[in-house]
Chemist: 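Take this structure, written in structure tokens, and hold onto it; I'll ask about it next.
The sequence lines fix the lettering, A, B, ..., with proteins before strands; numbering per chain opens at 1.
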Amino acid sequence: MVNSTSEQIKLPKTSESEKLKKIRHTTSHIMAMAVQKLFPKAQVTIGPWTENGFYYDFDHPEAFTEKDLKAIKKEMIKIINQKLPVIREEVSREEAETRIKAINEPYKLEILDSIHEPISLYYLGDKWWDLCAGPHLENTNEINPKAIELETLAGAYWRGDSNKQQLQRIYGTAWETPEQLAEYKRRKEEALKRDHRKLGKELGLFIFADQVGPGLPLWTPKGTILRSILEDFLKKEQVKRGYLQVVTPHIARVDLFKTSGHWQKYKEDMFPMMAEDEESASLERGFVLKPMNCPFHIQIYKSDLRSYRDLPMRLAEFGTVYRYEQSGELGGLTRVRGFTVDDSHLFVRPDQLDDEFLSVVDLILSVFKSLQLKNFKARLSFRDPESDKYIGSDEAWEKAEGAIRRAVQTLEMEYFEAPGEAAFYGPKLDFIFQDALEREWQLGTVQVDYNLPERFDLEYVDTDSSRQRPIMIHRAPFGSVERLIGILIEEYAGDFPLWLAPVQVRLLAVSNDFLPYTHEVCAKMQAVGIRAEVDLSGERLGKLIRNAEKDKIPVMAIVGANEIEANSLSIRTRASGELGAIPVTEVLDKITKAIASFGNF
RNA sequence: GCUGGUGUAGCUCAGUGGUAGAGCAGCUGAUUUGUAAUCAGCCGGUCGCAGGUUCAAAUCCUGUCACCAGCUCCA
């Protein structure tokens, strides 16, 4: 239940509050000081704020434990109570270097190398200091010891580089008041209840089986309804827009992916090649599970000579791909090893590129609208000019990035640019969503690709009968059906809108005497395509309702003597509670209309 | 892949070296019930898996698998 007082407590992100920035920065320093007091061997590295707190990375030979966290927090409170002034001092690079060398902190020296003047140090009294740009509070006693918490331990690589030393990271949070901290904890608890892994299990949507393997979800009948409805919905939208559905196999010769370049780039991230014998294996001759659908669709395009009149050609497939994700990356439905992409590849002429791109974005936005997804960010994932992991000419990249930028500007979308996030063959427009724990995931994506048409030597015959090269647009509004469902579960907190709910109506008989009528009504509902079921458990009404509520069934229809008398149903919905008796025909009408309009009862 | 944590009945969890427990679910029986739990009985576990230490291991040690948090990666 929503607590009205706690609802009023605002929890600003760090970036929205100067005060919290100072509190968290200073608290992270206090934590580092406490750690070094208790663990003199610990070396300090960096300790920035995060949107909900802060962390500090330490190099320390022994692993910190949960017990250590308690001791560290105690020590922090002592430091706070010492009322140490926080003093800023600006020093020259040479002076900073001398002082860092004096306390033997090699990581800090590296940081010094990478920062620009002015170089500032912050002292906690005269007991401890850190190289830091601030801002900070003026005195440690401005921190409320009851408003801080050390949360969790984790490993983190120095400078985010997995080839470098792994450090120990301590995450903590700090607020202005204990009430804020309590509210923060409460919201974290709430978020945990929305976790799609928990809800997916409770609602019986999907399972994982040890014997099948990690990252390989199995879809139950209920979960399959969800998947199928989503797929059918998108297929209908695609038919309206001239897409052509295709089907391609799950495996292919490794050569296919050598031509596309995936093998060279992602060999380690693919399931191992299947070879007939050792000789074939050594010659890299064999079959692989597909990690992408594009090379298959390209083959279909190539299977015939295409005219400029055939373009744009939009080949679409719900294609299941397999990627050997690192074991530590797997989790729920958001990162799996086998997943289904609502993939399509559009082969277009250069003069069609901008319009096609716009209509793809339009499709994606309309899909999100129907799914009531609002909290997403548009990311322009461009090439990192420093990196050499991309294929293709600079000219092709510039053209592709230009097309994407023109599209978001034409549509006046809010977006941000992310250099280094491009695919190896082209830039992307990605739609980023957050899960219940505020982790970000890419769902929809549109990519402009000049490179694969080149690698596969794609052509069409132009008006002057010259051979021209088409451009490819890769696009997937859902991205991955699995990930989408994970996000939807969390977005809806398990309360699916009527058109998506695996069970739309559950009929509850007040006593077994009324079951025949209940079955009759259920059959009527099923006959018009409503997913209805009768509760046969024979429990009392209170229990039936409780179970239906727990199963998050959107519409409960209660049948007793009164309803049979009036040929009606007592309707109770998850969203609005008791609605009273409504004639059966009206109920059927309302439900079918609500489903058709993606609305509620 | 790396660091740390967790793994006990279908589910949620208790059990720190001495005979494996609870609630819910399931089954059976009684009850025939009007808007979030009717009562009673019964069933249910190689304590993730494999080694080891010990008279004795869910409990201690080693390895392994899976999951969780974070890091790294993500076509």
Side-chain angles (χ1 to χ4, degrees), chain A residues 50 55 57 63-66 68-69 151-171 192 195 197-198 201-202 204 207-215 257 260-270 290-295 321 323-332 334-335 341 343 381 389-391 421-426 428 437 439 441-442 445 447 449 452 474 476 480 508-515 537-550 556-563 570-572 574 577-581:
Chain A
T50 63
Y55 65 82
D57 289 347
F64 297 131
T65 65
E66 296 286 326
D68 293 336
L69 287 190
E151 299 185 285
T152 169
L153 290 159
Y157 298 105
W158 171 234
R159 295 259 144 132
D161 183 340
S162 56
N163 297 312
K164 294 201 163 106
Q165 175 73 25
Q166 190 162 30
L167 308 168
Q168 295 189 66
R169 176 170 297 180
I170 302 177
Y171 280 93
L192 248 44
D195 191 317
R197 293 166 294 196
K198 184 178 157 67
K201 194 187 258 181
E202 286 171 3
I207 60 155
F208 288 90
D210 272 1
Q211 292 211 63
V212 173
F257 295 101
S260 69
H262 289 102
W263 181 254
Q264 294 85 324
K265 293 279 170 190
Y266 293 104
K267 188 182 173 192
E268 297 306 315
D269 303 299
M270 289 166 68
K290 66 173 169 185
M292 290 287 282
N293 298 305
C294 25
V321 298
R323 299 179 185 176
Y324 195 78
E325 304 284 0
Q326 295 181 50
S327 58
E329 293 310 331
L330 300 172
T334 40
R335 196 80 184 267
V341 186
D343 223 346
S381 301
K389 69 175 183 179
Y390 308 99
I391 58 171
E421 293 291 336
F424 72 89
Y425 51 75
K428 310 187 287 173
L437 300 173
R439 294 174 294 202
W441 301 99
Q442 174 197 310
T445 180
Q447 307 168 10
D449 179 7
L452 290 184
H474 308 238
S480 135
L508 314 176
V510 172
S511 99
N512 286 350
D513 296 342
F514 310 122
L515 275 177
S537 66
E539 294 282 351
R540 292 184 185 174
L541 185 59
K543 183 68 170 282
L544 301 186
I545 287 170
R546 180 184 155 81
N547 286 342
E549 292 281 354
K550 274 174 52 179
M556 285 156 263
I558 291 145
V559 174
N562 305 335
E563 287 76 16
S570 273
I571 298 297
R572 176 188 168 111
R574 282 271 298 159
E578 284 183 61
L579 300 179

Chemist: For A/Q264, which contact category applies under a 4.0 Å heavy-atom criterion: base, sugar-phosphate, or nothing?
Modeler: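 It contacts nothing in the nucleic acid.
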Chemist: Going by purine N1 to pyrimidine N3 plus the second Watson-Crick contact, or the G-U wobble pair, all under 3.5 Å, which nucleotide sits opposite B/rG44?
Modeler: none
Chemist: Which nucleotide wins on minimum distance to the side chain of A/D513, given the candidates B/rA75, B/rG34, B/rU32?
Modeler: B/rU32
Chemist: For every nucleotide of nucleotides 63-72 of chain B, 5' to 3': is a protein heavy atom under 4.0 Å from its base (B), only from its sugar-phosphate (S), or from neither (-)?
Modeler: ---SSSSBBB
Chemist: Looking at A/R572 and B/rA36, is any side-chain donor or acceptor paired with a base atom of the opposite kind under 3.5 Å?
Modeler: yes
Chemist: Of the nucleotides B/rU31, B/rU35, B/rC74, which has the atom closest to the A/K389 side chain?
Modeler: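 Shortest atom-to-atom distance from the side chain points to B/rC74.
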Chemist: I want to verify a distance call: between B/rA75, B/rA36, B/rU32, whose nearest atom is closest to the A/E549 side chain?
Modeler: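 Nucleotide nearest to A/E549's side chain: B/rA36.
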Chemist: Just to confirm, is there a sub-4.0 Å distance from OP1 or OP2 of B/rA25 to any side-chain nitrogen or oxygen of A/K543?
Modeler: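 Yes, within the criterion.
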Chemist: Does B/rG23 have a Watson-Crick or wobble mate here (both distances under 3.5 Å), and if so which one?
Modeler: B/rC11
Chemist: Using a heavy-atom cut-off of 4.0 Å across all strands, would you classify A/A548 as base, sugar-phosphate, or nothing?
Modeler: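 Nothing, no heavy atom under 4.0 Å.
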Chemist: Under 4.0 Å, heavy atoms only, any strand: does A/Y425 hit a base, just the sugar-phosphate, or nothing?
Modeler: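 Sugar-phosphate contact only - A/Y425 comes under 4.0 Å of backbone atoms but never of a base.
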Chemist: Between A/E66 and A/I558, name the one whose nearest nucleotide on RNA chain B is closer to the 5' end.
Modeler: A/E66
Chemist: Is the distance from the ring center of A/Y425 to that of A/Y390 below 6.0 Å?
Modeler: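 No, the ring of A/Y425 stays outside the 6.0 Å limit from the ring of A/Y390, centre to centre.
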Chemist: Counting any heavy atom closer than 4.0 Å, what does A/N562 reach on the DNA or RNA strands: base, sugar-phosphate only, or nothing?
Modeler: base
Chemist: Please determine, for B/rU16, whether a Watson-Crick or G-U wobble partner exists with both distances under 3.5 Å, and give it or none.
Modeler: none
Chemist: Please give, in whole Å, the distance from B/rC74 C1' to A/Y324 OH?
Modeler: 15 Å
Chemist: Report the C-alpha separation of A/R159 and A/D161 in whole Å, then their side-chain angles, then the decisive distance to 0.1 Å, and conclude whether the salt bridge (Lys or Arg N to Asp or Glu O under 4.0 Å) test is met.
Modeler: CA-CA 5 Å; A/R159 295 259 144 132; A/D161 183 340; over 6 Å; no
Chemist: Report yes if a side-chain nitrogen or oxygen of A/K265 is closer than 4.0 Å to either non-bridging phosphate oxygen (OP1 or OP2) of B/rC74; otherwise report no.
Modeler: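 Result: no.
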Chemist: Counting only Watson-Crick or G-U wobble pairs whose two distances fall under 3.5 Å, which nucleotide matches B/rG29?
Modeler: B/rC39
Chemist: Would you indicate what A/S570 reaches in the nucleic acid, counting non-hydrogen atoms under 4.0 angstrom: base, sugar-phosphate, or nothing?
Modeler: base
Chemist: Paired with B/rA66: which nucleotide, if any, by Watson-Crick or G-U wobble criteria at under 3.5 Å for both distances?
Modeler: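 Here B/rA66 is engaged in a pair, and the nucleotide opposite it is B/rU6.
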Chemist: Measure from the side chain of A/E578, starting at C-beta and using heavy atoms only, and say which of B/rU38, B/rU12, B/rU35 lies closest.
Modeler: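 Selected nucleotide: B/rU35.
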Chemist: Just name whichever nucleotide pairs with B/rG34, Watson-Crick or G-U, keeping both distances under 3.5 Å, else none.
Modeler: none
Chemist: If you measure from the ring centre of A/Y266 to the centre of the six-membered ring in the base of B/rA75, is it under 5.5 Å, with the planes under 30° apart?
Modeler: yes
Chemist: For the pair A/H262 and A/F257, name the ring-plane relationship: parallel under 30°, tilted 30 to 60°, perpendicular over 60°.
Modeler: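 The rings of A/H262 and A/F257 stand perpendicular, inter-plane angle above 60°.
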Chemist: Under 3.5 Å for both donor-acceptor distances, Watson-Crick or wobble: does B/rA57 have a partner, and if so which one?
Modeler: none
Chemist: Distance check needed: B/rC74 C1' versus A/E421 CD, whole Å only.
Modeler: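 The distance from CD of A/E421 to C1' of B/rC74 comes to 9 Å, rounded to the nearest Å.
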Chemist: In whole Å, what is the span from the CG atom of A/L541 to the P atom of B/rA36?
Modeler: 8 Å
Chemist: List, one per line, each side-chain donor-acceptor pair under 3.5 Å for residues 539-550 of chain A, sequence neighbours excluded.
Modeler:
| from | atom 1 | to | atom 2 | distance (Å) |
| --- | --- | --- | --- | --- |
| A/E549 | OE1 | A/R574 | NH1 | 3.0 |
| A/E549 | OE2 | A/R572 | NE | 2.9 |
| A/E549 | OE2 | A/R572 | NH2 | 3.0 |

Chemist: Which residue, A/G538 or A/K201, contacts RNA chain B at a nucleotide closer to its 5' end, judged by nearest heavy atom?
Modeler: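 Upstream on the strand: A/K201.
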Chemist: Do A/Y171 and A/Y55 make the cut of ring centroids closer than 6.0 angstrom?
Modeler: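 Yes - the distance between ring centres of A/Y171 and A/Y55 falls below the 6.0 Å cut-off.
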